[in-house]
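This report concerns only the one structure given below.
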Amino acid sequence: MTELTELTAVQLVDGYRKGEFSPVDAVRATLERAERIQPAVNAFVLPHALDSARAERFPPAAHEALARAAESADRWRRGEPAGLLDGVPVTVKDIILQRGRPTLRGSKAIDPHGDWHEDAPSVARLREHGAVFIGRTTTPEFGWKGVTDSPLTGVTRNPYDTSRTAGGSSGGSAAAVALGAGPLSLGTDGGGSVRIPAGFCGIFALKPTYGRVPLYPASAFGTLAHVGPMTRDAADAALAMDVISGPDARDWSGLGPVGGSFTQALAGGVRGLRVAYSPSLGGQVAVRPAVASAVRRAVQGLAGLGAYVSEADPDLTDPVDAFHVLWFSGAARVTQHFGPQQREVLDPGLREICGIGARFSALDYLAAVDVRMDLGRRMGRFHESYDVLVTPTLPITAFEAGAEVPAGSGLRRWTGWTPFTYPFNMTQQPAATVPVGVDGDGLPVGMQVVAARHRDDLVLRVAHALYEAGVAGIGAPTGVSGV
């Protein structure tokens, strides 16, 4: 029998409906899995130790999760589920507000004894639909970089090889989903932060169109920042989007109501779609051969499914300098009101970019916005000719844990090794990563699927077709013993 921790959210809900198992079974199994993987990968900020024989040893969060699971089980017995995810175990990145749980953002500078009384919009929607929260996942400090280590929680590691990074900044979420500690996690993405760790950890993740998933409080990184689902496959992400999308009065920049169901939009396949395949953004990115080969095979799979595939590059030059102005300014804003003692405990790399960001002028910022707007114009025109763009998610596979950049790379900042991701935060387009293979060391390779703004349904549909055809998806992680 398949273990409950190996089931997707769609499969769990189906099992609850049929009475094959209960939310209590699933949540208990997930809590036990979270406890088992925590020493190896460090995916959780507050790990919830679970001793099934002694209920008095359950920490309050596990107590609460099991209590919510029991309530869900009762609703399913009555045939009255609260919503689309009733009883599904979920995790939340420790950047996103969750009522009753400290949101420490990977930082020792945040007071854990604050008044944590409010849910972020996406968390509120999950709660309304009966999801069961089983843990808070790790992040670098304030989500500032593409790997997950912080002064508060240490290093988060890769499920396929614990000497390697899980990526970031939603690294804890990616590791948890990959190892069965909940089929769904909420992550954030300001420059690739759901796609990078999902690519390194062999799972699916979607950065929705900006505003499609409401965000509150507003991010200091401005309209670069998105909230998105991290899941086992595209069908789970579509289900999550059906829950977390839609307006929330607290987000002034959020989009209006969704026009239809993301789950229903999965059907239809890719036959006739115009796919642009850009293996290196016009030669601007050096991609490792094993990564390039895996992505090319997946692209051939799209062609085999009836898509019209052309090798074509969008008309863009690397916008990294403009991105740094926007990103470093945002980091400076995050820490602007910190006193000397708070600054002293910051991640040194974060402290460095905050210093740079504080020196940019308003004119520097507006010049970067000009670059961003022109990039958006170019991509808008590109999608008049192509329905989707596919690229590698990353040009490399996971490197050593605890480092911002690969050893010997000569790179200074994390943006140097993830040039496929941050441009699409600048354009606010929907972009997903799909696992399409492994390299010679057994490390996952991801393929990125990008569509025009507001076409999240198309990204999900293409990814789902790849899963249905067996093109997407890789073997389970082998880097953590006993899982």
Side-chain angles (χ1 to χ4, degrees), residues 93-96 103-110 139-152 167-171 187-196 207 210 215-227 253 317-376 403-405 409-428:
K93 181 182 180 181
D94 193 37
I95 290 285
I96 305 171
T103 300
L104 303 179
R105 302 175 176 89
S107 182
K108 292 182 176 180
I110 299 296
T139 175
E141 197 163 20
F142 300 105
W144 81 270
K145 60 184 174 180
V147 294
T148 300
D149 58 73
S150 76
L152 182 69
S169 63
S170 307
T188 62
D189 190 315
S193 288
V194 300
R195 289 161 290 155
I196 294 166
K207 178 189 77 67
Y210 178 80
L215 180 61
Y216 172 84
S219 172
F221 296 106
T223 57
L224 294 172
H226 305 57
V227 173
S253 64
T317 54
D318 187 355
V320 67
D321 292 336
F323 178 79
H324 280 166
V325 172
L326 301 171
W327 193 252
F328 294 177
S329 297
R333 176 62 176 163
V334 167
T335 60
Q336 181 179 11
H337 301 294
F338 283 0
Q341 290 183 324
Q342 289 172 299
R343 291 184 181 277
E344 183 62 30
V345 297
L346 292 177
D347 180 326
L350 174 60
R351 195 161 54 236
E352 180 181 335
I353 71 162
C354 288
I356 297 170
R359 294 193 291 272
F360 289 130
S361 69
L363 290 178
D364 294 328
Y365 193 93
L366 290 173
V369 172
D370 286 342
V371 171
R372 182 180 192 182
M373 290 190 292
D374 185 60
L375 188 65
E404 184 184 345
V405 300
S409 66
L411 299 172
R412 180 76 181 111
R413 295 266 79 103
W414 61 273
T415 44
W417 51 264
T418 181
F420 291 109
T421 59
Y422 56 78
F424 303 109
N425 291 81
M426 297 181 76
T427 62
Q428 302 188 338

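Only heavy atoms go into these numbers, but all of them, side chains included; no hydrogens, no water, no symmetry mates.
- Without hydrogens or angle criteria, W327 side chain to W144 main chain gives a donor-acceptor distance under 3.5 Å.
- Annotation: side chain of T427 is not in contact with side chain of R372 (no heavy-atom distance under 4.5 Å).
- Y422 and D189 form no side-chain donor-acceptor contact under 3.5 Å, judged by distance and modelled atom types alone.
- Going from atom CG of L215 over to atom CD1 of I96 covers 8.0 Å, rounded to the nearest 0.5 Å.
- Closest heavy-atom contact between G143 and I95: N-CD1, 3.8 Å.
- Taking every heavy atom of both residues into account, G416 and P419 meet most closely at O-CD, 4.2 Å.
- Under 3.5 Å, the side chains of N425 and R195 contain a donor-acceptor pair of N or O atoms.
- Side-chain atoms of K207 do not come within 3.5 Å of backbone N or O of G191 as any donor-acceptor pair.
- A 4.5 Å side-chain heavy-atom check between L411 and E404 finds every atom pair outside the cut-off.
- The salt bridge (Lys or Arg N to Asp or Glu O under 4.0 Å) pairs that include a residue from residues 346-369 are K145-D347, E352-R412, E352-R413, where partners are two or more places apart or lie in different chains.
- L152 has its side chain within reach of L104: a pair of non-hydrogen atoms, C-beta onward, lies under 4.5 Å apart.
- Side chain of S409 to backbone of V405: no donor-acceptor contact under 3.5 angstrom is found.
- What you find for R105 and T103 is that their closest heavy atoms are NH1-O, 3.2 Å.
- Within the 4.5 Å cutoff, no side-chain heavy atoms of E344 are placed close to those of K108.
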### Message
Is there a side chain to side chain contact (heavy atoms under 4.5 Å, CB included) between T188 and V194? Walk through the geometry before answering.
### Response
CA-CA 6 Å; T188 62; V194 300; 5.7 Å; no
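- Between the side chain of T421 and the backbone N or O of T418 there is at least one donor-acceptor pair closer than 3.5 Å.
- When all heavy atoms of A331 and F221 are compared, the pair lying nearest together is N-CE2, 3.4 Å.
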Decide side chain to side chain contact (heavy atoms under 4.5 Å, CB included) for W414 and I196; before the verdict, give the C-alpha distance in whole Å, the side-chain angles of both, and the deciding distance to 0.1 Å.
-> CA-CA 11 Å; W414 61 273; I196 294 166; 4.2 Å; yes
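- Closest approach of L346 and L350 over heavy atoms only: CD2-CD2, 4.2 Å.
- You'll find the side chain of C354 reaches within 4.5 Å of the side chain of T335, heavy atoms only.
- E141 and S107 form a side-chain donor-acceptor contact under 3.5 Å, judged by distance and modelled atom types alone.
- The shortest distance between side-chain heavy atoms of K93 and S193 falls below 4.5 Å.
- For T415 and H324, the side-chain atoms include at least one donor-acceptor pair closer than 3.5 Å.
- Judged by distance alone, the side chains of S253 and Y210 do bring a donor and an acceptor atom under 3.5 Å apart.
- In this structure, the side chains of V147 and D149 come closer than 4.5 Å at one or more pairs of heavy atoms.
- A donor-acceptor contact shorter than 3.5 Å is absent between the side chain of S169 and the backbone of G146.
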Legend entry - side chain to side chain contact (heavy atoms under 4.5 Å, CB included) assessment of V369 paired with L326: CA-CA 8 Å; V369 172; L326 301 171; 4.2 Å; yes
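- Shortest non-hydrogen contact noted between V334 and A220 is CG2-CB, 3.3 Å.
- Within the 4.5 Å cutoff, the side chain of V227 has no heavy atoms near those of the Y216 side chain.
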